[in-house]
Amino acid sequence: MTFQKLVIGASMAIGVSAIATVPAQAGTLTGATIGGTEASDYLVYDVQGNSTISVDKTSANVQKVLDGNAANPTGNVELRASSEAVGFDFNKNTALTGQIGGQSITLSSLTATDWFSTGSGLSTSYGVNNFANTWFNQFYDAAGLGASFIPRSQAFTAFLGINGFQRSSDPNISYVNQNDTTGDIKIGLAGHYNLKDYYAPLLGSLGNLLKNGFQASEVVKVTYNGKTNLLYSFSATESGLSNNSGPGADGKSHSGNYEVTIQGVPPAAVPEPSVMLGLLGVAGVFATQRKLKKASI
């Protein structure tokens with residue numbers, strides 16, 4: 001009987017240990033499709049060496065480039081890619097939809113309504129209560145314009161004049177991953193590691209006042225589990241990539257990785273094979289114990 005107890009205790013310890021050491025798995029977006037009111041306005045960038053490069057807009061390529069993570073981005077999908085073009089229709093969007101952890105998720109570019117709605121109409125004025133003002137005040141601080149004593153209202157008007165809100169509405173989606181334990185969904189946004197490189201030439205004399213190396217992502221509209229959020233970040237890590245090859249290459253785009261997070265629904269847990277073996281081992285020992293008891297009666 002002492003031997004049996006020792007065996008049972010050891011088996012249970014092994015089973016519990018197997019359960020305790022199962023690592024958190026990361027699920028990725030599957031079934032990726034492109035839609036929206038301007039469904040053809042997107043670009044797909046794959047990776048060639050240390051460069052991102054534009055590739056064919058196929059479903060297979062869209063899915064492929066979204067399989068990376070913060071440590072290893074594998075390209076990106078740019079939504080509403082014509083945002084900088086003359087005659088851009090700011091009332092239309094491009095959206096990426098897929099499944100993650102058994103739930104549907106949609107990531108979209110922004111429209112004028114997303115930026116300028118006050119609840120009773122649209123306003124492009126500084127000081128009103130809309131997302132454009134909320135976001136721009138944070139952008140102004142990140143860019144260090146306060147140190148130059150440029151009034152926020154003046155900077156807002158200048159930014160609006162270069163179609164800055166449109167330019168911030170075409171997110172480059174690098175990856176969409178979920179932690180299977182916590183449910184956290186992390187979304188990678190490819191952008192400039194040093195955004196002054198991009199905005200200084202556009203803003204003229206005001207551009208010279210931008211802080212060197214300041215960071216800001218584009219904004220992505222995420223709809224998941226019945227909720228919609230506008231997500232962005234003012235902190236990037238180096239992606240190890242830049243757009244050095246192919247049409248539109250500038251040697252600077254996609255050099256920064258901005259990661260944003262939403263709370264997701266943890267997917268139903270599926271035990272690891274090692275856990276199942278541990279549990280089966282415990283069950284087997286108890287079955288053997290019952291047989292031994294019957295044999296000793």
Side-chain angles (χ1 to χ4, degrees), residues 21-36 42-47 50 52 55 57-79 94-110 170-193 215-243 253-273 275:
T21 58
V22 174
Q25 300 298 307
T28 59
L29 185 79
T30 60
T33 59
I34 303 292
Y42 71 100
L43 293 172
V44 183
Y45 292 93
D46 204 344
V47 174
N50 291 324
T52 54
V55 296
K57 301 191 308 184
T58 65
S59 297
N61 282 339
V62 169
Q63 187 66 64
K64 176 187 176 185
V65 302
L66 295 172
D67 288 341
N69 53 49
N72 182 35
T74 51
N76 64 79
V77 179
E78 182 178 7
L79 304 177
T94 309
L96 169 68
T97 298
Q99 297 283 320
I100 189 159
Q103 302 283 330
S104 178
I105 187 170
T106 298
L107 302 96
S108 172
S109 64
L110 272 62
D170 57 341
N172 294 66
I173 313 301
S174 295
Y175 54 85
V176 185
N177 297 331
Q178 183 173 34
N179 183 301
D180 289 348
T181 301
T182 65
D184 287 347
I185 296 174
K186 297 183 181 297
I187 300 166
L189 302 175
H192 284 69
Y193 188 71
Q215 298 173 334
S217 74
E218 293 158 330
V219 185
V220 61
K221 183 177 181 178
V222 179
T223 301
Y224 171 85
N225 197 29
K227 297 180 181 178
T228 297
N229 294 284
L230 302 178
L231 305 177
Y232 51 93
S233 172
F234 293 102
S235 177
T237 56
E238 292 186 89
S239 68
L241 304 170
S242 58
N243 185 210
S253 295
H254 312 153
S255 55
N257 181 72
Y258 296 84
E259 188 169 87
V260 294
T261 305
I262 61 171
Q263 177 59 56
V265 179
V270 178
E272 289 284 307
V275 177

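Position 1 is the first residue of the sequence; numbering continues from there. Everything quoted here is computed from the prediction, not taken from an experiment.
- The distance from the CG atom of L189 to the OG atom of S217 is 5.0 Å, given to the nearest 0.5 Å.
- Checked against side chain to side chain donor-acceptor pair (under 3.5 Å), T28 has no partners two or more places apart in sequence or in another chain.
- With sequence neighbours left out, T261 forms a side chain to side chain donor-acceptor pair (under 3.5 Å) with no residue at all.
- Side-chain contact, T223 with T228: a donor N or O sits under 3.5 Å from an acceptor N or O.
- Separating the NZ atom in K57 from the CD atom in E78 is a distance of 10.5 Å, to the nearest 0.5 Å.
- The structure places CG of N225 at 10.0 Å from CD1 of I105, a figure rounded to the nearest 0.5 Å.
- No donor-acceptor pair under 3.5 Å is formed between the side chain of E259 and the backbone N or O of S235.
- In this structure, Y224 contributes its side chain and V265 its backbone to a donor-acceptor pair below 3.5 Å.
- A heavy-atom distance below 4.5 Å is found between the side chains of E238 and Y193.
- Heavy-atom minimum distance, V62 versus L96: CG1-CD1, 4.1 Å.
- Interatomic distance, Y232 OH to Y258 OH, rounded to the nearest 0.5 Å: 14.0 Å.
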Item to complete: For the pair T30 and I100, evaluate side-chain contact (heavy atoms from CB on, under 4.5 Å) and give the outcome as yes or no after the intermediate values.
Response: CA-CA 6 Å; T30 60; I100 189 159; over 6 Å; no
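- Residues V55 and Y45 have side chains not in contact (no heavy-atom distance under 4.5 Å, counting atoms from C-beta outward).
- Taking 4.5 Å as the limit, some side-chain heavy atom of Q178 sits within range of a side-chain heavy atom of P267.
- In this structure, a donor-acceptor pair under 3.5 Å is present between the side chains of N257 and Y175.
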Discussion item. Run V219 and L231 through side-chain contact (heavy atoms from CB on, under 4.5 Å) and show every step you take.
Written reply: CA-CA 6 Å; V219 185; L231 305 177; 6.0 Å; no
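- Put simply, CG on L29 and CG on N177 are 9.0 Å apart, with the number rounded to the nearest 0.5 Å.
- A side-chain N or O of H254 and one of T52 form a donor-acceptor pair less than 3.5 Å apart.
- For N50, the CG atom counts as loosely surrounded, since its 6.0 Å shell holds 12 or fewer non-hydrogen atoms of other residues, nucleotides or ligands.
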Item to complete: Please report the C-alpha distance between I173 and N76 in whole Å, then the side-chain angles of each, then the deciding distance to 0.1 Å, and finally whether the side-chain contact (heavy atoms from CB on, under 4.5 Å) criterion is met.
Response: CA-CA 5 Å; I173 313 301; N76 64 79; 5.8 Å; no
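- In this structure, the side chain of Q63 engages the main chain of G31 through a donor-acceptor pair within 3.5 Å.
- The side chain to side chain donor-acceptor pair (under 3.5 Å) check on S255 picks up nothing, with sequence neighbours excluded.
- Side-chain contact check for P171 versus S109: some heavy-atom pair is nearer than 4.5 Å.
- Taking CD1 of I185 as the reference point, atom CD of Q103 lies at 8.0 Å (rounded to 0.5 Å).
- Side-chain atoms of T106 and T97 include a donor-acceptor pair closer than 3.5 Å.
- Of all heavy-atom pairs between S239 and G256, the closest is OG-N, 4.0 Å.
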Worksheet item: Given I34 and V77, is the side-chain contact (heavy atoms from CB on, under 4.5 Å) satisfied, shown in steps?
Response: CA-CA 10 Å; I34 303 292; V77 179; 4.2 Å; yes
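- Side chain of T74 to main chain of G68: a donor-acceptor pair is present (N/O by atom type, distance under 3.5 Å, no hydrogens or angles).
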